[in-house]
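When reading the values below, keep in mind they use all heavy atoms of this one structure, side chains included, and skip hydrogens, waters and symmetry mates.
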Amino acid sequence: MAKKHDHPCAIAATLNVIGDRWTMLLIREAFYGTNRFGDFLKNTGISRNLLTERLNQLVEDGIFMRQPFADRGTSHVYELTEKGRALDAVFLAMSHWGNAHIYGEGNEPVRMIDDDTGLRVDGFDLVNSDGHPVNRSKITLELGPGGDGRTRNRLAAVRKFPFS
């Protein structure tokens, strides 16, 4: 369960779980296949004590699961849970944004390639619950069951998703 936040907001609650720089890099490494303490340490440059703290927190938050690696149980591997794997769209979107707006075409550190066509993946399409494409300009924000008065007031001023 996400840590309590002072007002209902899915973005704030998500940042309470994954908003720390090191946490994001550890999850990135897990998506890249890293699962051993020493490899997380080497691939990120995080300190040992901070790595231990972040891995424990990721396990507690249900993003990683810790599995015994050696017969003696003294070594562990860390694997993404279903909840952790569900962050794939977040990381793909961050990678796409960083490539487009920080590095620029021709300077991307990592590209996403469609296995079927060999073409670069550009952008992400939104779909409704039936799987049909939705134009960003056709999205309305509505108060959900977990919203409160402050959320209602903020949405009253916006209502439409501000991107087209």
Student: How would you list all residue pairs meeting salt bridge (Lys or Arg N to Asp or Glu O under 4.0 Å) that involve residues 91-108, not counting sequence neighbours?
Tutor: E105-R120, E108-R111
Student: If only atom types and distance count, is the side chain of K83 paired as donor or acceptor with the main-chain N or O of D61 below 3.5 Å?
Tutor: yes
Student: Nearest 0.5 angstrom please: Q67 CD to H76 NE2, how far?
Tutor: 9.0 Å
Student: What is the distance from atom CD1 of I46 to atom OG1 of T52, rounded to the nearest 0.5 Å?
Tutor: 8.5 Å
Student: Which residues satisfy the side-chain hydrogen bond (donor to acceptor under 3.5 Å, both in side chains) test with T117, sequence neighbours excluded?
Tutor: D114
Student: For V110, what are the other residues in its hydrophobic cluster, where any two members join if their side-chain heavy atoms are less than 4.5 angstrom apart?
Tutor: Y32
Student: Hydrophobic clusters here meaning ILVMFWY residues chained together by side-chain heavy-atom distances under 4.5 Å, can you tell me if L41 and I27 are in one?
Tutor: yes
Student: Could you work out, with ring pair (Phe, Tyr, Trp, His ring centres under 6.0 Å) as the rule, every residue matching H101, not counting sequence neighbours?
Tutor: W97
Student: With sequence neighbours excluded, tell me which residues meet side-chain hydrogen bond (donor to acceptor under 3.5 Å, both in side chains) with T81.
Tutor: none
Student: Could you list who else is in L119's hydrophobic cluster, with ILVMFWY side chains joined at under 4.5 Å, directly or through other members?
Tutor: none
Student: Test of understanding: with ring pair (Phe, Tyr, Trp, His ring centres under 6.0 Å), list the residues that count as partners of F31, not counting sequence neighbours.
Tutor: F91
Student: Can you list everything that forms a side-chain contact (heavy atoms from CB on, under 4.5 Å) with R85? Sequence neighbours excluded, please.
Tutor: L80, E82
Student: First locate atom CG of N16, then atom CD1 of I11, and finally report the distance between them rounded to the nearest 0.5 Å.
Tutor: 12.5 Å
Student: Residues in side-chain hydrogen bond (donor to acceptor under 3.5 Å, both in side chains) with N49, at least two apart?
Tutor: S47
Student: Considering only residues two or more places apart or on different chains, which pairs with a residue in residues 16-35 satisfy salt bridge (Lys or Arg N to Asp or Glu O under 4.0 Å)?
Tutor: D20-R54
Student: If you draw a 6.0 Å radius around CD1 in I102, do more than 12 non-hydrogen atoms from other residues or ligands fall strictly inside?
Tutor: yes
Student: Would you give the length of the straight line joining atom NZ of K42 to atom CZ of R36, rounded to the nearest 0.5 angstrom?
Tutor: 11.0 Å
Student: To the nearest 0.5 Å, what is the distance between CG on N43 and CG on L25?
Tutor: 10.5 Å
Student: Cluster question for you: counting only ILVMFWY and a side-chain heavy-atom cut-off of under 4.5 Å, with indirect links fine, are L87 and M65 together?
Tutor: no
Student: Taking it one step at a time, do I63 and V17 satisfy side chain to side chain contact (heavy atoms under 4.5 Å, CB included)?
Tutor: CA-CA 9 Å; I63 306 296; V17 176; 4.2 Å; yes
Student: Using the test side-chain contact (heavy atoms from CB on, under 4.5 Å), find all partners of P109 that sit at least two apart in sequence or belong to another chain.
Tutor: N99, Y103
Student: Mind checking whether H96 and V121 have side chains closer than 4.5 Å, heavy atoms only?
Tutor: no
Student: Check the pair L26 / Y78 against side chain to side chain contact (heavy atoms under 4.5 Å, CB included), numbers first and verdict last.
Tutor: CA-CA 10 Å; L26 295 174; Y78 296 87; over 6 Å; no
Student: Can you name the side-chain contact (heavy atoms from CB on, under 4.5 Å) partners of D130, sequence neighbours left out?
Tutor: N128, H132
Student: Rounded to the nearest 0.5 Å, what's the gap from CG on L92 to CE on M94? Could you check?
Tutor: 11.0 Å
Student: Between T34 and D39, is the side chain to side chain donor-acceptor pair (under 3.5 Å) condition met? List the steps.
Tutor: CA-CA 6 Å; T34 301; D39 292 332; over 6 Å; no
Student: Shortest non-hydrogen contact from V77 to F69?
Tutor: CG1-CD1, 3.5 Å
